[in-house]
Structure formats: structure tokens, C-alpha cells
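One structure is given below, encoded as C-alpha cells.
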Amino acid sequence: MITERQRYEYNPPDTPLNILYIDDDILVADKPSGLLSVPGKQSDDSLTLRLRELYPNVNPVHRLDTATSGVILFSRNKSANAVLSEQFRNRIPQKRYVARCEGIIREEWGALAYPMSRDWSKSALTSAPIHKVDYAEGKKALTFFRVICRDFRHNKTVVMLEPHTGRTHQLRLHLQTFGYPICNDRLYGLATDECKDRLELHSCYLSFFHPVDKRQIVIYSPAEFISESECNLRLYLPETRYKTDKNS
């Protein structure tokens, strides 16, 4: 049964642009939760179009779900876009997400391998791209996780996530299927109809190679819903040095 909280309504936030890094070839931005990465069926308002008002030639190299916040990479010319797109096709960039989940995960780390397909019946009812686990015809989807900290008082767990594949809603569906849905997930979680909080899923880390000079670019963005005193995310990331930090 589809509840009112699952019916998709696009209300993008009026949030100032937060550019984490920019040069002549690339731009890295911090997308707020609730804003489309690219224009959608119901609205043109998106991070891409907002950026194009200042930088007309930017194109997203990858995307984040509307409800997910965090690091997203744009190219600023065709040659840079071709090189970066090739990197993503070959899974060269390293991506990390942080999420707060419902329940206490006992395992310290693990892998979630649930094949996925589009749930067309629910998608039609919600006007959102709902997915389901489908062992018969689903596409391969693999997510690695590591527990960062546990909050026994509130029955929550913070995890670092590394998607090996990039399916739509992969992290959200995988954690729901695992039994620990992401907090405030209106589509796959336990959020109530009255819930007004954002999805607690954030793209906190991205590393890739610059399309021109080939140096490694490392971007870090802390999650607004997790304090540094609660969890030091840097200790769980591949790099100890960062190209940029929006708190610096």
C-alpha cells in the first residue's frame, strides 16, 4: 500500500550554491538534499541548471538521488567530460557515502549483493523511480558497508558505504533489504507521514584523476546530520589528505 509520505512532491530547497572545487576543466559541488541533480519530468529546477546560470558549459559526470546530498562532479568542456565519463565507466573514481540507519547493525563490515529492477507498479503510484530486489531478472548490484558508530540509546547505526555498482536507489534499497533502512527514508524506510526531516544519506568523499594533468583530486564533504564529535568520518576514508574541505 502506498502512503501519503511516499507520494512524490518536488519542493527544492532555496539553498545557495556550495562549490567545493573549480578550475578551467572541472567543477565539484555539494548538492543539498531535496534538489534534483539534473532537470526532471516535473521540474527543470536542478543543481545543473542553477550552476549553468554562472557556468554555462557545465555537465554532470554522474548523479545523486534527489534526496541524497553531497559531492557531485561536473565537467566544464567536452574533452574533460569525455575523459571523466570514461573513468566512471571503468569504475576508477572512489566514492564513499555515510548514512544513519534504523537499528543496531551487529556486523562490523560486510557486502550487500541484492539484484535490482524497477518496480513499475509502485513507481506509477508514487511518481518516483521505486526499485525492488529481483533475483530472477534484476541487474547486479553490490554495496560494501562498514559500521562507524552505534547509538544504542536511540537504536541507530552510522555506516560508511561504498557502492561497487551505481543503480538508482541502490544504497537505500540494499539497507532496507538488509533490515536497517536509512533514517527518514520516505520511499524505503520507516519515516512517518509527519516526518519533515531529510534523508540521512550523504556523499562525503570522491576521488578521481584530473582530465588534463592527471593528478589525483580528492574531495571531502562532512554530513550535516553527523557531528565530528559523534563520528570522525575521516578515519574511515581512503585518504588522510583532502583537496578541499568546506569547513576549512
Side-chain angles (χ1 to χ4, degrees), residues 3 5-6 8-13 15 18 20 29-37 47 63-72 95-110 112 114 126 128-131 141 143-163 166-206 219-237 245-247:
T3 66
R5 69 178 171 86
Q6 293 175 307
Y8 179 73
E9 292 183 6
Y10 186 50
N11 298 303
T15 306
N18 185 6
L20 301 176
D30 199 344
K31 188 184 84 66
S33 175
L35 181 65
L36 286 167
S37 294
L47 180 59
R63 302 181 185 183
L64 296 176
D65 293 343
T66 304
T68 304
S69 60
V71 180
I72 182 168
K95 296 179 286 184
R96 298 292 188 276
Y97 295 74
V98 62
R100 192 193 308 275
C101 304
E102 303 283 355
I104 302 297
I105 300 176
R106 296 182 178 182
E107 296 85 348
E108 295 298 327
W109 55 270
L112 307 176
Y114 304 116
T126 62
I130 307 295
H131 286 72
T143 302
F144 298 101
F145 74 89
R146 182 173 181 180
V147 170
I148 303 300
C149 60
R150 299 177 177 90
D151 182 350
F152 291 95
R153 180 181 178 184
H154 299 100
N155 195 37
K156 313 288 186 185
T157 304
V158 175
V159 292
M160 187 73 70
L161 301 165
E162 179 186 357
R167 310 296 179 200
T168 300
H169 293 178
Q170 175 178 315
L171 303 180
R172 300 165 71 174
L173 178 60
H174 275 188
L175 284 167
Q176 179 217 40
T177 306
F178 187 41
Y180 306 93
I182 298 175
C183 293
N184 304 320
D185 192 336
R186 293 176 175 271
L187 297 179
Y188 300 93
L190 305 176
T192 64
D193 290 349
E194 294 76 25
C195 176
K196 299 183 184 302
D197 295 331
R198 55 152 296 172
L199 175 73
E200 296 198 22
L201 175 63
H202 179 75
S203 172
C204 63
Y205 173 94
L206 177 67
I219 307 292
Y220 170 69
S221 167
E224 64 178 8
F225 52 85
I226 297 175
S227 65
E228 289 290 338
S229 61
E230 178 184 6
C231 300
N232 188 351
L233 300 181
R234 295 172 180 269
L235 298 178
Y236 298 89
L237 295 172
D245 183 338
K246 68 180 181 182
N247 283 346

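The first residue in the sequence is number 1, and the count goes up from there.
Of the two cysteines examined, C149 and C231, the SG atoms meet the criterion of being under 2.5 Å apart.
A distance of 5.0 Å separates CZ of R172 from CG of L199, quoted to the nearest 0.5 Å. Once rounded to the nearest 0.5 Å, the distance linking CD1 of I72 with CG of L64 reads 4.5 Å. The distance from atom CD1 of I182 to atom NE2 of H202, rounded to the nearest 0.5 Å, is 13.0 Å. Going from atom CG of D185 over to atom CG of L175 covers 9.5 Å, rounded to the nearest 0.5 Å. For the atom pair F225 CZ and R198 CZ, the distance stands at 5.0 Å (nearest 0.5 Å). In this structure, NZ in K95 is found 10.0 Å from CD in E162, a value given to the nearest 0.5 Å.
With a 6.0 Å radius and a threshold of 12 heavy atoms from other residues, nucleotides or ligands, R63 has its CZ atom at or below the threshold.
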Checklist entry - After noting the C-alpha distance and the side-chain angles of H169 and D65, does the key distance pass the side chain to side chain contact (heavy atoms under 4.5 Å, CB included) rule? => result CA-CA 7 Å; H169 293 178; D65 293 343; 3.1 Å; yes

Checklist entry - Taking it one step at a time, do E230 and V158 satisfy side chain to side chain contact (heavy atoms under 4.5 Å, CB included)? => result CA-CA 10 Å; E230 178 184 6; V158 175; 4.2 Å; yes

Next on the checklist: Run the side chain to side chain contact (heavy atoms under 4.5 Å, CB included) test on Y10 and L36 for me, step by step, so that the C-alpha distance in whole Å, both residues' side-chain angles and the decisive distance to 0.1 Å come before the verdict.
Outcome noted: CA-CA 9 Å; Y10 186 50; L36 286 167; 3.6 Å; yes

Next on the checklist: Working note: M160 + L237, criterion side chain to side chain contact (heavy atoms under 4.5 Å, CB included); need CA distance, chi angles, decisive distance, verdict.
Outcome noted: CA-CA 9 Å; M160 187 73 70; L237 295 172; 3.7 Å; yes

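Classification of the F178-F145 ring pair by plane angle, with boundaries at 30° and 60°, yields tilted.
In summary, K156 and E102 engage in a salt bridge, as defined by a charged side-chain N under 4.0 Å from a carboxylate O.
The two residues I104 and D151 come nearest to each other via the heavy atoms CD1-O, 3.7 Å.
By the 4.5 Å heavy-atom criterion applied to side chains, V159 and Y180 are not counted as neighbours. At a threshold of 4.5 Å between non-hydrogen side-chain atoms, the residues P12 and L35 count as touching.
Residues H131 and T168 have side chains that never bring a donor and an acceptor to within less than 3.5 angstrom of each other.
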